[in-house]
K.L.:
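Just dropping this structure here.
Hydrogens, waters and symmetry mates are skipped; everything else that's a heavy atom, side chains included, is used. Chain A is the first sequence line, chain B the second, and so forth, proteins listed ahead of strands; every chain is numbered from 1. Just so it is clear, the model here is predicted, and its values are computed rather than measured.
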Number of protein chains: 2
Amino acid sequence: MSAADQIFAMLKESSQSGAPLYLQLRKSIEEAVNRGLIGPGDALPSERDIASKADISRVTVRKAVQDLVKGGILVQRHGSGTFVAPRMERVEQSLSRLTSFTEDMARRGMTVRSVWLDRGLYAPSPEEMMVLGLSSTELVARVARLRIANDTPLAIERASLSASVLPDPEAVGSSLYAALGMTGNRPVRAVQRISATNLGDADARLLEVPPGVAGLQIERISYLASGKVIEFTRSVYRGDAYDFVAELRLTEPGEEIRP
Amino acid sequence: MSAADQIFAMLKESSQSGAPLYLQLRKSIEEAVNRGLIGPGDALPSERDIASKADISRVTVRKAVQDLVKGGILVQRHGSGTFVAPRMERVEQSLSRLTSFTEDMARRGMTVRSVWLDRGLYAPSPEEMMVLGLSSTELVARVARLRIANDTPLAIERASLSASVLPDPEAVGSSLYAALGMTGNRPVRAVQRISATNLGDADARLLEVPPGVAGLQIERISYLASGKVIEFTRSVYRGDAYDFVAELRLTEPGEEIRP
DNA sequence: GCCGAATAATACCAATAAAATACCAATAGC
DNA sequence: GCTATTGGTATTTTATTGGTATTATTCGGC
């Protein structure tokens, strides 16, 4: 079996890293399938064969194989053998979700940094009094920053919170949510509105684009478990340089595969 | 390992200030997460590893790590390791389902009507051939309509499908998905990109706004259970009259993540 | 100078995962 | 049917992980 030998060769190659054995093996098999060394319908060597040739326990082999079965890449039949699953698209692990700014940028291989535009306590605007439920005698904490990816300004984030939950805005580190969480004010729910707007002069200048260019505006209201509004954030993204990607899913795909 | 090393590098860098060790470390980890060096679900080096590499006590490391756990940035599992918490956004409502425009607006209590702009079979554009996987001899079905809510034009929807799944575009009624479902071609998964764009002359005229006004552009690719692309839709919404609402549930600190 | 809180270190406890061993159960081929 | 071969499972050992109690040190305010 040439294909099997190639798997073993790959395994040997990667066996220098300190990673767990079953992960190394899993990766080797996965690559063999991806490169087409073993195609859909082909049988893998038996678990015992792999185990003895690679000189590891069969349970370890099994752990690797079962991960791939769960991932839909392999199919096993009791008493028969292990086979490469018939073509079927890879089941995406991620459920419906919006990717966050930093996550998204990291995946695109960009380095992200932020510049503070504002951190301080102010008298609340009428809008802030409404949304955050403040009286005119209370103060509001405002935290604003410019998000920059690969030296290109990408977004402006302006958050408003009650001063009672963030008495010292200057102390906020790189993550606002971390600062909130550490004082026991972690939001558990949020409602987000995504719309489009033409950038005004000030925002356009910060984002280094001509005024009037289209921007993605996101308004988010975060709630505590008690239902109280804790934060209101309005962000503007450069429309020409950023887009939101959302993956949607309706139903679970069927699992049964019987030849 | 590279990510871990970068954390240590950052730690070293900031180690000149007189601040407490655990604060310096906390900031380093926070930044590493924040700029995506280690993403959600990734494991941190073990507390002992960090301690020995940074040449500080493990309890000090622990103090820093636990602060971030309390802040919801990290998640720890006894006997297993410390992991970056899954990013907070999880789509609950409108974005998590493939809702049709009609459903969406009905929920907001608006009466909706549509005007057909186009229904026909065409030779595919290069973009359509790529996305839908068509050969140049096959035909593409295009369905375009202007969506009007309460007598205000709100959106332009242009859908492209392989003619093999929609041989008679003229027969499409008020719902494209209904037509697809009846021939057993119901999409189960979609990837959606939301961006902002300045409306061109033609689209602006249709939407009855001046050219250059900001519009929400949504590109959606729908997949069958088999993984085959079935539909490609590009929609433009009036930025001043429509917005996407998404309800997000933020992750609980104790929530399961499995590497 | 004294006290207390924040900081840091030491030593030990507990949960989990990785891996191995031994055995059970289904299938294919005769 | 029987039998060799396949995947399936239960149990245990070991190393590694986070968790905790206890103690020493430093620093700031009185």
Side-chain angles (χ1 to χ4, degrees), chain A residues 1 4 11 14-15 17-29 38 41-70 73-85 171 182 255-259, chain B residues 1 4 11 14-15 17-29 38 41-85 253-259:
Chain A
M1 292 283 162
L11 212 179
S14 70
S15 68
S17 86
L21 288 175
Y22 81 96
L23 280 182
Q24 296 178 32
L25 179 58
R26 186 173 88 187
K27 198 177 163 195
S28 297
I29 298 176
I38 39 181
D42 290 355
L44 238 65
S46 79
E47 294 179 348
R48 284 175 180 82
D49 278 5
I50 298 178
S52 69
K53 280 218 189 188
D55 201 42
I56 52 182
S57 159
R58 199 192 124 211
V59 187
T60 306
V61 173
R62 199 171 160 65
K63 171 87 172 150
V65 168
Q66 286 214 315
D67 276 6
L68 294 174
V69 169
K70 254 187 272 181
I73 293 173
L74 300 178
V75 178
Q76 286 188 306
R77 286 209 308 279
H78 195 162
S80 178
T82 304
F83 307 86
V84 179
M182 279 184 261
E255 304 289 314
E256 288 291 319
I257 311 170
R258 291 267 139 177
Chain B
M1 296 285 173
L11 213 177
S14 69
S15 68
S17 84
L21 287 175
Y22 81 96
L23 278 182
Q24 296 178 31
L25 179 57
R26 187 173 90 187
K27 198 178 164 194
S28 297
I29 298 175
I38 39 181
D42 289 355
L44 238 65
S46 78
E47 294 179 348
R48 284 173 180 84
D49 276 7
I50 298 178
S52 70
K53 279 217 188 187
D55 202 42
I56 52 182
S57 159
R58 200 191 123 211
V59 188
T60 306
V61 173
R62 201 171 159 66
K63 170 83 174 151
V65 168
Q66 286 214 316
D67 275 4
L68 294 172
V69 169
K70 249 188 277 178
I73 301 294
L74 301 178
V75 177
Q76 286 189 304
R77 287 210 307 279
H78 194 165
S80 180
T82 305
F83 306 86
V84 179
E255 199 154 337
E256 294 279 326
I257 41 172
R258 295 273 138 182

K.L.:
Find which nucleotide of DNA chain D each of Gly81(A) and Gly81(B) is nearest to by heavy atoms, and output the residue with the more 5' nucleotide.
P.N.:
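Result of the comparison: Gly81(A).
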K.L.:
Rounding to a whole Å, what distance do you find between Leu23(A):CG and dA18(C):P?
P.N.:
7 Å
K.L.:
How long is the line joining CG of Asp67(B) and P of dA8(C), in whole Å?
P.N.:
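After rounding, the reported distance stands at 12 Å.
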K.L.:
Calculate the interatomic distance between Gln76(B) atom CD and dA17(C) atom P; express it in whole Å.
P.N.:
14 Å
K.L.:
Is there side-chain contact between Ile29(A) and Ile73(A), with heavy atoms separated by less than 4.5 Å?
P.N.:
no
K.L.:
May I ask whether His78(B) stacks on the base of dG19(D), given the cut-offs of 5.5 Å between ring centres and 30° between planes?
P.N.:
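His78(B) ring does not meet the centre or angle cut-off for dG19(D); no stack.
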K.L.:
Atom CD of Gln66(B) to atom P of dA21(D): distance rounded to whole Å?
P.N.:
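Interatomic distance, CD of Gln66(B) to P of dA21(D): 12 Å.
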K.L.:
Over how many whole Å does the gap from Arg26(A) atom CZ to dA19(C) atom P extend?
P.N.:
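Value for this atom pair: 12 Å.
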K.L.:
What is the distance, rounded to the nearest whole Å, between atom CD of Gln24(B) and atom P of dT7(C)?
P.N.:
12 Å
K.L.:
Which residue, Asp67(A), Leu68(A), Ile50(A), forms the side-chain contact (heavy atoms from CB on, under 4.5 Å) with Leu25(A)?
P.N.:
Ile50(A)
K.L.:
Which nucleotide, dG19(D), dA8(C), dA17(C), lies nearest any side-chain atom of Leu21(B)?
P.N.:
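Nearest nucleotide to the side chain: dA8(C).
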K.L.:
Give a yes/no answer on whether the side chain of Tyr22(B) brings an N or O atom under 4.0 Å of OP1 or OP2 in dA8(C).
P.N.:
no
K.L.:
Establish whether the base of dG7(D) is bridged to the side chain of Arg48(A) by a donor-acceptor pair shorter than 3.5 Å.
P.N.:
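When only heavy-atom distances are counted, Arg48(A) does reach the base of dG7(D) through a donor-acceptor pair under 3.5 Å.
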K.L.:
How do Asp55(A) and Lys63(B) order along DNA chain C: which one's closest nucleotide is nearer the 5' end?
P.N.:
Lys63(B)
K.L.:
Using a cut-off of strictly less than 4.0 Å, decide whether Thr60(B) has a side-chain nitrogen or oxygen near OP1 or OP2 of dA9(C).
P.N.:
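True: Thr60(B) side-chain N/O within range (under 4.0 Å) of dA9(C) OP1/OP2.
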K.L.:
Between P on dT16(D) and CD1 on Ile50(B), what's the gap in Å once rounded to a whole number?
P.N.:
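Whole-Å distance recorded here is 17 Å.
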K.L.:
Would one find a side-chain N or O of Ser46(B) under 4.0 angstrom from OP1 or OP2 of dT17(D)?
P.N.:
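Checking dT17(D) against Ser46(B), a side-chain N or O does come within under 4.0 Å of OP1 or OP2.
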K.L.:
For Lys70(A) and dG8(D), give me the distance from atom NZ to atom P, rounded to whole Å.
P.N.:
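Roughly 13 Å, once rounded to whole Å.
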K.L.:
Does Ser57(A) place a side-chain N or O at less than 4.0 Å from the phosphate oxygens OP1/OP2 of dT21(C)?
P.N.:
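Ser57(A) to dT21(C) OP1/OP2: no side-chain N or O under 4.0 Å.
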K.L.:
Between Arg62(B) and dG19(D), is there a contact of a side-chain N or O with OP1 or OP2 at under 4.0 Å?
P.N.:
yes
K.L.:
Would you check if Glu47(A) and Gln66(A) make a side-chain contact, meaning some heavy-atom pair closer than 4.5 Å?
P.N.:
no
K.L.:
Determine whether any donor atom in the side chain of Arg58(B) lies under 3.5 Å from an acceptor atom in the base of dG19(D), or the reverse, and answer yes or no.
P.N.:
yes
K.L.:
Would you say that Thr82(A) contacts Val75(A) through its side chain, given a criterion of any heavy-atom pair below 4.5 Å between the two side chains?
P.N.:
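No, every pair of side-chain atoms sits at 4.5 Å or beyond.
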K.L.:
Quick one: pull up CD1 in Ile56(A) and CZ in Arg62(A) and give me the separation to the nearest 0.5 Å.
P.N.:
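Output value for this atom pair is 14.0 Å.
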K.L.:
Check whether any side-chain N or O of Thr82(A) sits under 4.0 Å from OP1 or OP2 of dG7(D), and answer yes or no.
P.N.:
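For Thr82(A), the contact criterion (side-chain N or O under 4.0 Å from OP1 or OP2 of dG7(D)) is met.
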